[in-house]
Structures are given as C-alpha cells and as structure tokens.
Protein chains: 2
Amino acid sequence: MSCATTLKEKGFKLTPQRRLILDIIHDSGGHLTAEEILDNVQAKVTGVNKSTVYRTMELLEELGCVFKSELGDRFIYHHAEEGHHHHLVCRTCGKSIDCEEDIFLPVKRAVNENYSFRADFKHVVISGLCANCRGKS
Amino acid sequence: MSCATTLKEKGFKLTPQRRLILDIIHDSGGHLTAEEILDNVQAKVTGVNKSTVYRTMELLEELGCVFKSELGDRFIYHHAEEGHHHHLVCRTCGKSIDCEEDIFLPVKRAVNENYSFRADFKHVVISGLCANCRGKS
DNA sequence: TTTCATGCAAATGATTTGCATAGTC
DNA sequence: GACTATGCAAATCATTTGCATGAAA
C-alpha cells in the first residue's frame with residue numbers, strides 16, 4: 001500500500017507539499033536528512049517551509065512510511081518500501097553503502113543469550129572505512 | 001598511564017576543574033552525558049561552567065582518555081580505562097548494560113568480506129528491550 | 001464548513017565560541 | 001611572566017512549537 005493511500009486512510013490530507021516530500025524520499029533510494037529533503041523540495045517549488053518538512057517526516061514515521069535513524073549529530077530518513085537494511089557509512093569520504101538486514105543476527109542471538117536483551121537493530125548506521133578510502137591512507 | 005599524567009605530558013594543565021571531571025568519569029563506571037558530568041561537578045563545587053565541561057571532554061577525547069558515543073540526540077562519554085565495550089540501552093526503562101566488545105566480531109567479518117568495509121564498532125549504543133521490561137509488556 | 005495543514009517567527013536545548021580575566025607551570 | 005584555562009554571555013544549529021491563515025475533504 002502506498003504512503004499516499006495510508007495517509008488518506010488515516011484521515012490525513014494529501015497536500016502538494018506532502019506529495020513532493022513523498023516523491024523525493026521515494027526517488028532518493030538512499031537516506032536523506034531533513035535538511036536534504038528541504039533542499040530537494042525547494043529545488044522544485046519555492047515557499048515550502050522547513051516546519052512542514054519536519055512535521056511531515058514525523059507523521060510519515062508514525063505511519064510507518066519512513067524509518068528514522070541517527071547519523072552523527074542529526075537524523076536521517078528513508079522510505080520503508082526499501083525494506084529493512086543498515087548503512088555502512090565511510091568516516092572519510094562519507095559514502096553510504098546499504099547493508100543487508102541479517103548481518104546483525106549473530107549479535108542479536110548473542111545479546112539475547114548472554115544478557116537477556118532483545119536488540120532492535122533497525123536501520124543502524126555503521127561507521128568505518130570503505131574499500132576505496134582504505135587503500136588511500 | 002593516568003589521564004592526569006597524559007594531560008601534563010602533552011603540556012596541558014591539571015586544573016581543579018579537570019581533576020574533578022576526571023574523578024567523576026572515573027568513579028561513574030558507566031557512561032555520562034555532558035550535562036550529567038556538569039551536574040556531578042556542581043554537586044561538589046559551585047561556579048564551574050558548562051563550557052569548561054564541554055572543553056575538557058573534547059580535550060580528553062583527543063587525548064584518548066575518554067570515548068564519546070551517541071545516545072539518541074546527545075553524546076555520552078566514558079572512561080577509556082574501562083576498555084572497549086558496548087551499551088545495551090533499554091528503550092523502555094533507559095537502563096544501560098555493558099556488553100563485551102567482541103560481540104560484533106561476526107558482523108565485522110561479514111561486512112569486511114561482503115562489502116570490503118572495515119567497521120569501527122567502538123562503544124556502540126544498542127537499543128532494545130531489557131529482560132525486565134520485556135516481561136511487563 | 002469543518003478539520004487538518006502550512007508558513008512564519010519565535011522558542012528550545014545541546015553544544016560551541018569570543019573575549020577578558022584568572023590560574024598553572 | 002608566558003601561556004593556558006576558565007567563566008560568562010552570546011552565537012550556532014537542528015529541531016520544535018504557537019498561532020493565524022489557507023487549503024483539502
């Protein structure tokens with residue numbers, strides 16, 4: 001079911017601003033910060049306010065249309081349609097590689113057995129060094 | 001080598017404020033936010049400024065005396081003497097459990113093999129549900 | 001025409017910074 | 001005495017909020 005449909009079903013309105021934002025996160029493929037979303041929106045139409053972007057992202061997160069995770073000192077969003085995955089972000093060049101969801105299965109098992117802790121591991125941002133930057137240093 | 005010694009060796013001064021902050025992060029065992037450090041400092045002496053705390057923590061991080069990691073929308077610090085470990089933080093009660101460093105070894109191997117990515121995994125904050133809160137819900 | 005959404009501007013809250021003064025070595 | 005560290009207040013910067021207006025159903 002599309003995000004637009006979800007919005008309407010729950011009694012929220014499908015405004016032009018929300019359409020735009022939905023398009024952008026859908027097309028981006030990867031993840032975006034609120035500021036990047038705002039920039040992309042404003043590249044298409046002027047006059048859209050940052051509050052609208054933040055409020056829309058909050059709503060979309062509540063509806064399960066996007067996922068929010070932390071990257072450094074800010075938050076990033078990505079479309080739920082892409083499914084669950086993680087991000088390998090290079091600390092040198094900043095490039096982000098999508099990483100399959102199951103990579104944390106051994107860790108989930110281990111913390112469950114050793115600490116009785118049910119770890120979430122949803123859309124984790126993993127910092128490190130990509131192959132390219134590894135070669136250069 | 002103690003943090004105090006490291007400070008002096010690198011030409012930095014061992015002021016009363018820095019002594020206090022070092023004591024607090026040493027005694028705390030776990031991790032602390034800058035604000036918590038400030039509160040603890042001010043419980044002992046009045047007149048210490050938050051800038052001093054932030055600047056001291058920045059310095060101690062550069063010297064390798066403390067580690068900084070992100071927890072939600074803020075940063076936490078802990079003493080390097082405790083060695084590397086991770087944090088299991090319950091999303092319901094907020095309790096933090098220290099978790100052994102090697103828990104991420106399988107993931108490090110996997111992302112290295114599959115993505116040629118060298119993951120850091122230093123002082124990761126793992127969100128989830130602790131045994132206690134799991135029972136209640 | 002009712003309710004929800006937007007734009008604007010101002011508030012928030014953690015962290016940072018400029019600068020004059022005070023303290024350490 | 002030289003140079004670093006501190007306190008204070010003000011600046012940043014991402015994010016949030018109050019409120020009057022505007023638009024979707």
Side-chain angles (χ1 to χ4, degrees), chain A residues 2-25 31-42 44-63 65-77 125, chain B residues 2-25 31-42 44-63 65-77 125:
Chain A
S2 83
C3 297
T5 313
T6 309
L7 269 178
K8 288 204 264 190
E9 276 188 356
K10 306 266 173 151
F12 298 103
K13 292 168 184 170
L14 188 54
T15 63
Q17 291 91 334
R18 287 180 178 168
R19 267 181 211 281
L20 259 172
I21 292 170
L22 284 171
D23 283 352
I24 284 160
I25 57 176
H31 56 241
L32 295 169
T33 64
E35 202 183 3
E36 286 166 342
I37 295 169
L38 180 64
D39 288 347
N40 284 323
V41 170
Q42 292 184 330
K44 298 191 176 185
V45 196
T46 55
V48 177
N49 195 270
K50 69 171 76 160
S51 309
T52 305
V53 172
Y54 280 105
R55 279 190 280 232
T56 300
M57 297 318 292
E58 188 186 9
L59 176 62
L60 292 176
E61 197 202 354
E62 279 166 17
L63 295 177
C65 292
V66 302
F67 297 114
K68 182 182 187 180
S69 37
E70 53 190 270
L71 173 55
D73 59 350
R74 49 183 56 189
F75 293 101
I76 56 177
Y77 300 91
V125 174
Chain B
S2 82
C3 298
T5 314
T6 310
L7 269 177
K8 288 205 266 190
E9 275 186 356
K10 305 267 173 150
F12 297 103
K13 290 168 185 168
L14 187 54
T15 63
Q17 291 91 333
R18 286 179 178 168
R19 267 180 209 281
L20 259 173
I21 292 170
L22 284 171
D23 283 352
I24 284 160
I25 58 175
H31 55 241
L32 295 169
T33 63
E35 201 183 1
E36 286 166 342
I37 295 168
L38 180 63
D39 287 347
N40 283 322
V41 169
Q42 291 184 331
K44 298 190 177 185
V45 196
T46 56
V48 177
N49 196 269
K50 69 170 80 162
S51 308
T52 305
V53 172
Y54 279 105
R55 280 189 280 231
T56 300
M57 297 318 293
E58 188 186 9
L59 177 61
L60 293 176
E61 197 202 354
E62 279 167 16
L63 296 177
C65 291
V66 302
F67 297 114
K68 182 183 186 181
S69 38
E70 53 190 272
L71 173 56
D73 59 350
R74 50 180 57 186
F75 293 101
I76 56 176
Y77 299 92
V125 174

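To find a chain, count down the sequence lines: A is the first, B the second, and so on, and within it residues start at 1.
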Self-check item: Rounded distance in Å - CD (A:E58) to P (C:dA5)
Solution: 12 Å
Practice problem: Grab the OH-P distance between B:Y77 and C:dA14 for me, whole Å please. | Solution: 13 Å
Quiz item: For the atom pair CD1 (B:I37) and OG1 (B:T52), what is the distance rounded to the nearest 0.5 Å?
Solution: 12.5 Å
Exercise. Ignoring the backbone of A:R55, work out which of C:dT16, C:dG7, C:dT24 is nearest its side chain.
Key: C:dG7
Quiz prompt | Spacing of A:E58 atom CD and A:L63 atom CG [to the nearest 0.5 Å] | solution = 10.5 Å
Practice problem: Please state how far atom CG in A:L60 lies from atom P in C:dA5, giving the value in whole angstrom units. | Solution: 11 Å
Practice problem: Indicate whether OP1 or OP2 belonging to C:dT6 is found under 4.0 Å from a side-chain N or O atom of A:T15. | Solution: yes
Quiz item: Base, sugar-phosphate, or nothing for B:G11, non-hydrogen atoms under 4.0 angstrom?
Solution: nothing
Quiz item: Between B:R18 and B:K13, is there a donor-acceptor pair closer than 3.5 Å when you use the side chain of the first and the backbone of the second?
Solution: yes
Quiz item: Roughly how far, to the nearest 0.5 Å, is the CZ atom of B:R74 from the CD atom of B:E36?
Solution: 7.5 Å
Self-check item: Shortest side-chain distance from B:L14, nucleotide among C:dT15, C:dC25, C:dT6
Solution: C:dC25
Quiz item: Quick one: does A:T46's side chain have a donor or acceptor within less than 3.5 Å of a partner on A:Q42's backbone?
Solution: no
Exercise. Could you list where the contact with chain A starts and ends along DNA chain D, reading 5' to 3', using a 4.0 Å heavy-atom cut-off?
Key: D:dA14 to D:dA25
Quiz item: Does B:E35 or B:S51 map to a spot on DNA chain C nearer the 5' end, using the closest nucleotide for each?
Solution: B:E35
Practice problem: Let me know the distance between CG of A:L38 and P of C:dG7, rounded to the nearest Å. | Solution: 10 Å
Quiz item: Separation of B:R74 atom CZ from C:dT15 atom P, in whole Å?
Solution: 6 Å
Quiz item: A:L7 CG to C:dA5 C1': how many Å, rounded?
Solution: 12 Å
Practice problem: May I have the distance from B:E70 (atom CD) to C:dA14 (atom P), rounded to whole angstrom? | Solution: 16 Å
Quiz item: Separation of B:K10 atom NZ from C:dC25 atom P, in whole Å?
Solution: 18 Å
Self-check item: CG on A:D39 to NZ on A:K50, rounded to 0.5 Å
Solution: 10.5 Å
